[in-house]
Amino acid sequence: MLIETLKSLFQRDLNRLCDEISLYKQEENIWLIERNISNSAGNLCLHLIGNLQTYIGAEIGKTGYIRDRAAEFSLKDIPRTRLIDQIDDTIDVVTRSLDLLSEENLLEIYPILVFEEKTTTQYLLVHLTTHLTYHLGQINYHRRLLDQPEV
């Protein structure tokens, strides 16, 4: 039951991420940093993709994904269409990877030490949903603050 809930939440919020990136009136504003905002929506999007592709895709789904976390925050001006394609791919990877799990697998210790202490797989997956939602809210706020139409 938890696996289906997690799949639903990841699909919902990754689709919302697609929507947020699509809603920018000016594509270049996806990469805008100004005032006291330290990360662009584009970099947060790349970070979310890298995070889920690593902890769910590579570890659970055995996709072979290799993360470049530094690039998630240093790359700039990736076309919106490419970001959306990467989000769509992440939805597919997350769904297929979670389909490999049983309810018993959720109670096992997650094989990578992510925090200071070992956690169960279900704890890490729930954390990943809240991490996604946290940054999704930042992207929404970034868009509404910085993507103002030119006057």
Side-chain angles (χ1 to χ4, degrees), residues 3 5-101 110-151:
I3 294 169
T5 300
L6 290 167
K7 283 176 19 182
S8 175
L9 291 172
F10 281 119
Q11 289 169 1
R12 179 197 70 187
D13 289 339
L14 285 166
N15 280 314
R16 286 180 177 168
L17 178 59
C18 256
D19 293 343
E20 285 296 331
I21 297 300
S22 296
L23 284 169
Y24 276 82
K25 295 175 186 85
Q26 299 172 315
E27 184 171 348
E28 63 273 10
N29 287 352
I30 293 170
W31 301 97
L32 188 63
I33 298 174
E34 64 178 51
R35 302 177 195 159
N36 290 324
I37 297 174
S38 56
N39 291 308
S40 71
N43 290 117
L44 289 171
C45 180
L46 291 173
H47 172 61
L48 290 168
I49 290 166
N51 197 47
L52 296 174
Q53 289 279 2
T54 298
Y55 294 121
I56 297 176
E59 189 55 42
I60 295 171
K62 305 300 183 206
T63 61
Y65 180 85
I66 298 172
R67 187 176 193 180
D68 184 352
R69 192 173 191 283
E72 295 167 15
F73 294 99
S74 63
L75 291 173
K76 304 290 180 216
D77 301 321
I78 294 170
R80 179 194 330 243
T81 55
R82 192 161 146 219
L83 290 174
I84 291 170
D85 288 346
Q86 289 180 28
I87 298 166
D88 287 340
D89 180 56
T90 302
I91 293 169
D92 185 53
V93 165
V94 166
T95 302
R96 284 187 289 114
S97 298
L98 292 179
D99 281 340
L100 298 172
L101 292 177
Y110 185 76
I112 298 173
L113 183 64
V114 179
F115 307 109
E116 292 181 17
E117 297 178 7
K118 293 180 180 181
T119 63
T120 62
T121 298
Q122 74 181 358
Y123 180 92
L124 181 72
L125 291 171
V126 170
H127 165 77
L128 292 174
T129 63
T130 61
H131 178 260
L132 170 58
T133 304
Y134 175 76
H135 288 310
L136 181 59
Q138 289 179 314
I139 291 168
N140 172 271
Y141 202 64
H142 178 276
R143 179 182 55 78
R144 291 183 294 118
L145 269 178
L146 302 180
D147 190 46
Q148 300 300 316
E150 292 183 27
V151 180

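For the single chain, residues carry numbers from 1 onward in sequence order.
Expressed to the nearest 0.5 Å, how far CD of E27 lies from CG of D77 amounts to 9.0 Å. A distance of 10.0 Å separates OG in S40 from CG in L75, rounded to the nearest 0.5 Å. Atom CZ in F73 sits 6.5 Å away from atom CG in L44 (nearest 0.5 Å). Here the CD1 atom belonging to I49 is positioned 11.0 Å from the CZ atom belonging to R67, to the nearest 0.5 angstrom. Atoms OG1 and CG, on T95 and L6 in that order, are 11.0 Å from each other to the nearest 0.5 Å. Here T119 contributes atom OG1 and L113 contributes atom CG; the two are 8.0 Å apart, rounded to the nearest 0.5 Å.
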Query raised in the report: Going through the distances and angles, do H135 and H142 end up as a ring pair (Phe, Tyr, Trp, His ring centres under 6.0 Å)?
Result: CA-CA 10 Å; H135 288 310; H142 178 276; over 10 Å; no

Report task. In sequence, state the C-alpha distance, the side-chain angles, and the governing distance for V93 and L52, and then conclude on side-chain contact (heavy atoms from CB on, under 4.5 Å). Result -> CA-CA 9 Å; V93 165; L52 296 174; over 6 Å; no

Requested in this report: Could you check H127 against Q122 for side-chain contact (heavy atoms from CB on, under 4.5 Å), going step by step and ending with a plain yes or no?
Outcome: CA-CA 8 Å; H127 165 77; Q122 74 181 358; over 6 Å; no

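Judged purely by atom type and a 3.5 angstrom limit, R80 uses its side chain to pair as donor or acceptor with the backbone of I21. A donor-acceptor pair is defined here as one N or O able to donate and one able to accept, closer than 3.5 Å; such a pair exists between the side chain of Y24 and the backbone of R143. Checking side-chain atoms of S97 against main-chain N and O of V94 turns up no donor-acceptor pair under 3.5 Å. Within the 3.5 Å criterion, the main-chain N or O of K25 finds a donor-acceptor partner in the side chain of D147. The backbone N or O of Q11 sits less than 3.5 Å from a side-chain atom of N15, completing a donor-acceptor pair.
Every salt bridge (Lys or Arg N to Asp or Glu O under 4.0 Å) that R96 has, sequence neighbours left out, goes to D92. Checked against side chain to side chain contact (heavy atoms under 4.5 Å, CB included), Y134 has the following partners two or more places apart in sequence or in another chain: Q138.
In this structure, Y110 and Y55 have perpendicular ring planes: the angle between them is above 60°, well past the 30° mark.
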For residues 82-90, run the donor-acceptor check on the side chains, cut-off 3.5 Å, and write out each pair with its distance to 0.1 Å, sequence neighbours left out.
{"unit_1": "D89", "atom_1": "OD2", "unit_2": "Q53", "atom_2": "NE2", "d": "3.2"}
{"unit_1": "T90", "atom_1": "OG1", "unit_2": "Q53", "atom_2": "NE2", "d": "3.1"}
{"unit_1": "T90", "atom_1": "OG1", "unit_2": "Q86", "atom_2": "O", "d": "2.8"}

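A heavy-atom distance below 4.5 Å is found between the side chains of C45 and L17. Side chains of R69 and T54 form no contact here, defined as non-hydrogen atoms less than 4.5 Å apart. Taking 4.5 Å as the limit, some side-chain heavy atom of L146 sits within range of a side-chain heavy atom of L32. Put simply, the side chain of L132 does not reach to within 4.5 Å of the side chain of L128, judged on heavy atoms. Proximity of I37 to Y141: side-chain heavy atoms (C-beta onward) are nowhere separated by under 4.5 Å.
The shortest non-hydrogen separation linking N43 to W31 is N-CZ3, 3.5 Å. Residues E59 and K62 approach most closely at O-NZ, 2.8 Å, considering heavy atoms. Counting all heavy atoms, side chain and backbone alike, A58 lies closest to Y65 at CB-O, 3.6 Å. Across all their heavy atoms, I33 and N39 have their closest contact at CG1-C, 4.3 Å.
Open room surrounds CD1 on I66; 12 or fewer heavy atoms of other groups in view lie less than 6.0 Å from it. Other residues, nucleotides and ligands place no more than 12 heavy atoms under 6.0 Å from the NZ atom of K118.
Using a cutoff of 4.0 Å between basic side-chain nitrogens and carboxylate oxygens, D13 and R16 are scored as salt-bridged.
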